[in-house]
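Worksheet: one structure, shown below.
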Amino acid sequence: MTVQSEPGRETGIADSRTERIRAMYSDIRYPGLDPAENARYVRHRRYVYAALGIDCDAFFRGKTVLDAGCGTGEETIFLAGLGPERVIGIDTSAGSLEVARAGAARVGARNLEFRLASVLDETLFADASFDYVSSLGCIHHTADMPRAFANLGRMVKPGGHLCTFIYNSFGHFVYDLECSLLDRIAGDEVEARVRWARRLFDWRRDKSFRREGVTASYDGRLYDKYGVLYRESLTLGTLLRWYREQGFEHAGSFPIYLRDMVEGLFARDPEGQPVGGGARVRAAAVLRHLLSAAPGPREWTLGRRVSMQALLLAIGLFDYGSAFRVLGRKRTSVPAAAVESPC
């Protein structure tokens, strides 16, 4: 691994939009999940990783791990507790990293460090530095999402894994229209964007919000949703192609079936009892008993891609956050078909 470069120099000149996003996340420190509900968070993460085909108790042992765009560090701390040799979390928000470091100190994590750095910084780590790179909900908020993805891919060792969570174009169709209107009304003024969003789009006036089954700041969510100035999205087909182009083969995805979404809503406490309320949780409880427990192979056929993105489009009419976690395994050699002919 190389020495960390100066934060904010990933493009030579940090543009004003990037600086405003950094300042916003330093202020809101999102998601900042309630540590008192950590057992529920761990249960949810273990469910997701199992759906990706990962055995949390064995997969990470002795590995080097990067959490790129770690925010307030909940995922980073969770990964550090699974037995890796070393975990590094990077983020451009100094305020978020204060929360992350406090969380690491609270649990006594000794194999974990946090750095103020960007996913666009191509000098931060050498090629093939990590066994596992995770970037959940980050690179779609950068000025150059394809470059950020390529940077993540190059840092993965052959045989290692890259896991991303990136906005889906179908799932965010309505959301993108909302943000386009805010672009016209409020431009790049973060506070003005959030004020207008409260008036125009916050029709439910919720005062509570659950993320990964855990209580989070609803006000912070509004900033994360409408205050951001970069919010790229892509289709599932494009994302899978990016993985292939970076030398990865598909290892798992979540969600890949409707049941995955249902289980994601159906939060449970450490004793296995349902928690929370609301129409979504009640609907999930009903669907959970109607859907097959083993719907089929977890591979992306064309029909499955179309049906899942159509489902995200329908959900996106009244909700937000639609994306896919995709796990790729980096090939240890270049397939013969990918080698260019010298002629």
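Please read all numbers here as calculations on a predicted model, not as lab measurements. Both backbone and side-chain heavy atoms feed into the values below; hydrogens, waters and symmetry mates do not.
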Taking C-beta and beyond as the side chain, do C138 and V119 meet within less than 4.5 Å on heavy atoms? yes
Evaluate the side-chain proximity of F60 to I54: yes if any heavy-atom separation is below 4.5 Å, no if none is. yes
Pair [X], [Y]: side-chain N/O donor-acceptor within cut-off below 3.5 Å:
X: S96; Y: E98; answer: no
X: T123; Y: D121; answer: yes
X: N111; Y: E85; answer: no

Could you check whether K225 makes a cation-pi contact with Y223, meaning its NZ or CZ is under 6.0 Å from the centre of the six-membered ring and within 45° of the ring axis? no
Is the positively charged end of R17 above the ring of Y230, judged by distance under 6.0 angstrom from the centroid and angle within 45° of the axis? yes
Is it true that a side-chain atom of [X] and a backbone atom of [Y] form a donor plus acceptor pair closer than 3.5 Å?
X: Q309; Y: L236; value: yes
X: R193; Y: Y226; value: yes
X: T238; Y: L234; value: no

Go through L97 and L116 one step at a time and tell me if the side chain to side chain contact (heavy atoms under 4.5 Å, CB included) criterion holds. CA-CA 8 Å; L97 290 179; L116 186 67; 3.9 Å; yes
Can you name the residues that form a side-chain hydrogen bond (donor to acceptor under 3.5 Å, both in side chains) with W300, not counting sequence neighbours? S253
State, to 0.1 Å, how close [X] and [Y] come at their nearest heavy-atom pair, and which atoms those are.
X: A68; Y: S135; answer: O-OG, 3.0 Å
X: A104; Y: I77; answer: N-CD1, 3.5 Å
X: F170; Y: N168; answer: N-OD1, 3.0 Å
X: I256; Y: D260; answer: N-OD2, 2.8 Å
X: A143; Y: D15; answer: CB-OD2, 4.4 Å
X: E122; Y: R154; answer: O-NH2, 3.0 Å

Tell me whether the centres of the aromatic rings in [X] and [Y] are closer together than 6.0 Å.
X: F324; Y: F165; value: no
X: H161; Y: F130; value: no
X: H172; Y: Y167; value: yes

Step by step, would you call R45 with E75 a salt bridge (Lys or Arg N to Asp or Glu O under 4.0 Å)? CA-CA 8 Å; R45 306 311 295 142; E75 179 77 4; 2.7 Å; yes
Set out, in order, the CA-CA distance, both residues' side-chain angles and the distance that settles side-chain hydrogen bond (donor to acceptor under 3.5 Å, both in side chains) for T164 and Y243, then state yes or no. CA-CA 10 Å; T164 62; Y243 270 91; 2.9 Å; yes
As a quick check of understanding, evaluate side chain to side chain contact (heavy atoms under 4.5 Å, CB included) for Y30 and T72, giving each step before the final call. CA-CA 6 Å; Y30 183 82; T72 47; over 6 Å; no
Does the plane of the ring in H141 sit parallel, tilted or perpendicular to the ring in Y25? Use 30° and 60° as the thresholds. tilted
Mind checking whether Y49 and Y132 have parallel, tilted or perpendicular rings, split at 30° and 60°? tilted
In R329, K63, K157, the residue satisfying salt bridge (charged side-chain N to carboxylate O under 4.0 Å, His left out) with D131 is K157
Does S233 form a side chain to side chain contact (heavy atoms under 4.5 Å, CB included) with D176? I'd like the steps, not just the answer. CA-CA 9 Å; S233 61; D176 287 341; 3.6 Å; yes
As a quick check of understanding, evaluate side chain to side chain contact (heavy atoms under 4.5 Å, CB included) for L312 and F173, giving each step before the final call. CA-CA 9 Å; L312 290 193; F173 176 75; over 6 Å; no
